[in-house]
Amino acid sequence: MAWQTSRFLIDLSTPKVMGIVNITPDSFSDGGQHQTVSAALRHCERLIREGADILDLGGESSRPGSSPVPLEEELARMLPVVREAVKLGVPVSVDTYKPQVMRVVLDLGADIINDIWALRQAGAADPLDAFQVVASHPSCGVCLMHMHGEPRTMQLSPMEGDVLVQVRQFLEHRARQLRQAGVAANRIVIDPGIGFGKTVAQNFALLSRQRELLVSGCPLLVGWSRKSSLAAVCGQSLGCVAALDAKDRMVASVTAALLAVERGASIVRVHDVSETVQALRVLGAIR
């Protein structure tokens with residue numbers, strides 16, 4: 001199995017690590033640390049040295065309670081970094097839902113569009129929509145994620161009922177629509193959207209039953225890194241306030257990534273690249 005992207009055919013016969021690069025002042029884990037162009041590029045280079053197979057650049061936080069970033073501000077954050085990141089020799093993913101941003105970064109050579117809205121957004125003052133941007137591109141990769149609600153309010157009223165069935169049906173529907181629009185199946189991966197409008201119990205149900213998502217035929221990209229659900233179970237079991245802090249969730253994050261790969265994930269999106277790579281090499285050795 002392989003993931004076709006703009007410049008790379010990514011071999012998914014072994015799990016791949018997608019390193020997170022937040023070019024934001026307010027991301028829940030590392031907001032502000034990589035906000036300048038030079039800091040973001042240094043972080044890109046560090047993640048590659050640590051073993052990242054893919055870089056995922058984001059200019060807008062999607063943490064619970066976050067507000068949308070104006071188009072001009074997101075472009076100002078993203079474009080200088082994308083211009084340089086595409087020269088680093090690894091696939092570059094851009095985490096955005098705005099069609100105007102998608103169009104520009106793809107023109108700059110970005111390989112993948114990673115969209116929390118699964119290509120459901122249109123431009124504010126532009127008839128172009130995200131679906132059309134990806135469908136009209138000859139080869140870019142795309143990740144379709146499930147989100148219940150929207151970032152600002154999604155955790156105020158999370159999902160109800162059988163979460164896995166709803167997530168699977170939504171992602172299958174969106175992937176089918178893309179294929180019907182002419183997008184090759186090997187360009188599409190899906191993401192169940194851990195933490196996006198779901199309770200702690202629902203997130204862990206998605207991990208427990210993750211193999212049921214494989215029936216869609218699309219590779220799975222899963223992002224557990226430093227999520228608050230990990231803090232909820234670790235803080236409860238350890239009775240330690242520090243366990244609730246994002247920076248202290250590395251061990252739990254690596255464990256969740258490993259479990260996700262064991263349950264069929266092809267790509268894991270992580271902050272802690274070196275530690276995740278080490279864990280996956282141990283798993284690879286016993287396989």
Next on the checklist: A side-chain contact here means heavy atoms from C-beta on lying under 4.5 Å apart; do Met1 and Asp11 qualify?
Outcome noted: no

Checklist entry - Taking atom OG1 of Thr96 and atom CG of Asp115, what is their separation to the nearest 0.5 Å? => result 7.0 Å

Next on the checklist: Go through it in stages, so that I can follow the logic: the residues are Asp111 and Ser6, the test is side chain to side chain donor-acceptor pair (under 3.5 Å), and I'd like the CA-CA distance, side-chain angles, deciding distance and then a yes or no.
Outcome noted: CA-CA 4 Å; Asp111 300 283; Ser6 296; 4.7 Å; no

Checklist entry - Side chains of Leu106 and Arg103: closer than 4.5 Å at any heavy-atom pair? => result no

Checklist entry - With a 4.5 Å limit on heavy-atom distance, are the side chains of Met18 and Leu55 in contact? => result no

Next on the checklist: Less than 4.5 Å apart, side chain to side chain, heavy atoms only: is that true for Gln210 and Leu220?
Outcome noted: yes

Checklist entry - Quick one: do Glu45 and Arg42 make a salt bridge, cutoff under 4.0 Å? => result no

Checklist entry - If you measure from CE on Met159 to NE2 on His146, what distance do you get to the nearest 0.5 Å? => result 4.0 Å

Checklist outcome for this item: Here the ring-ring contact (aromatic ring centres under 6.0 Å, His included) pairs for residues 215-234, sequence neighbours left out, are Phe204-Trp224

Checklist outcome for this item: Joining Ile, Leu, Val, Met, Phe, Trp and Tyr whenever any side-chain heavy atoms lie under 4.5 Å apart, the cluster holding Val251 also takes in Met250, Val254

Next on the checklist: Nearest 0.5 Å, please: how far is CD in Glu84 from CG in Leu108?
Outcome noted: 10.5 Å

Next on the checklist: Quick check against the 3.5 Å criterion: does Thr36 have a side-chain atom that pairs as donor or acceptor with the backbone of Ala39?
Outcome noted: yes

Output a table of donor-acceptor pairs, distance under 3.5 Å, between side-chain atoms of residues 274-287 and any protein atom two or more places apart or on a different chain; print 'none' if there are none.
unit_1	atom_1	unit_2	atom_2	d
Ser274	OG	Gln278	NE2	3.3
Thr276	OG1	Asp272	O	2.7

Next on the checklist: Evaluate Ile267 against Val189 for side chain to side chain contact (heavy atoms under 4.5 Å, CB included), listing each step before the verdict.
Outcome noted: CA-CA 9 Å; Ile267 308 111; Val189 306; 4.3 Å; yes

Item to check | Pairs where residues 212-222 contributes a residue and the test side chain to side chain donor-acceptor pair (under 3.5 Å) is met, not counting sequence neighbours | outcome: Arg209-Glu212

Atom pairs and distances, side-chain donor-acceptor, residues 163-173, under 3.5 Å, sequence neighbours left out:
unit_1	atom_1	unit_2	atom_2	d
Gln166	NE2	Glu160	O	2.6
Gln166	NE2	Asp162	O	3.3
His173	NE2	Gln177	NE2	3.2

Item to check | Test applied, side chain to side chain donor-acceptor pair (under 3.5 Å); reference residue, Tyr97; option that passes from Arg120, Glu60, Gln121 | outcome: Glu60

Checklist entry - Say you draw a straight line from CH2 of Trp117 to CE of Met147; how long is it, rounded to the nearest 0.5 Å? => result 4.0 Å

Item to check | Within-4.5 Å side-chain heavy-atom neighbours: Asp53 and Val90 | outcome: no

Checklist entry - Residues in side chain to side chain contact (heavy atoms under 4.5 Å, CB included) with Ala181, at least two apart? => result Phe131, Ala135

Item to check | Candidate pair Glu74 and Arg77, rule salt bridge (Lys or Arg N to Asp or Glu O under 4.0 Å), full reasoning | outcome: CA-CA 5 Å; Glu74 185 177 349; Arg77 293 176 183 178; over 6 Å; no

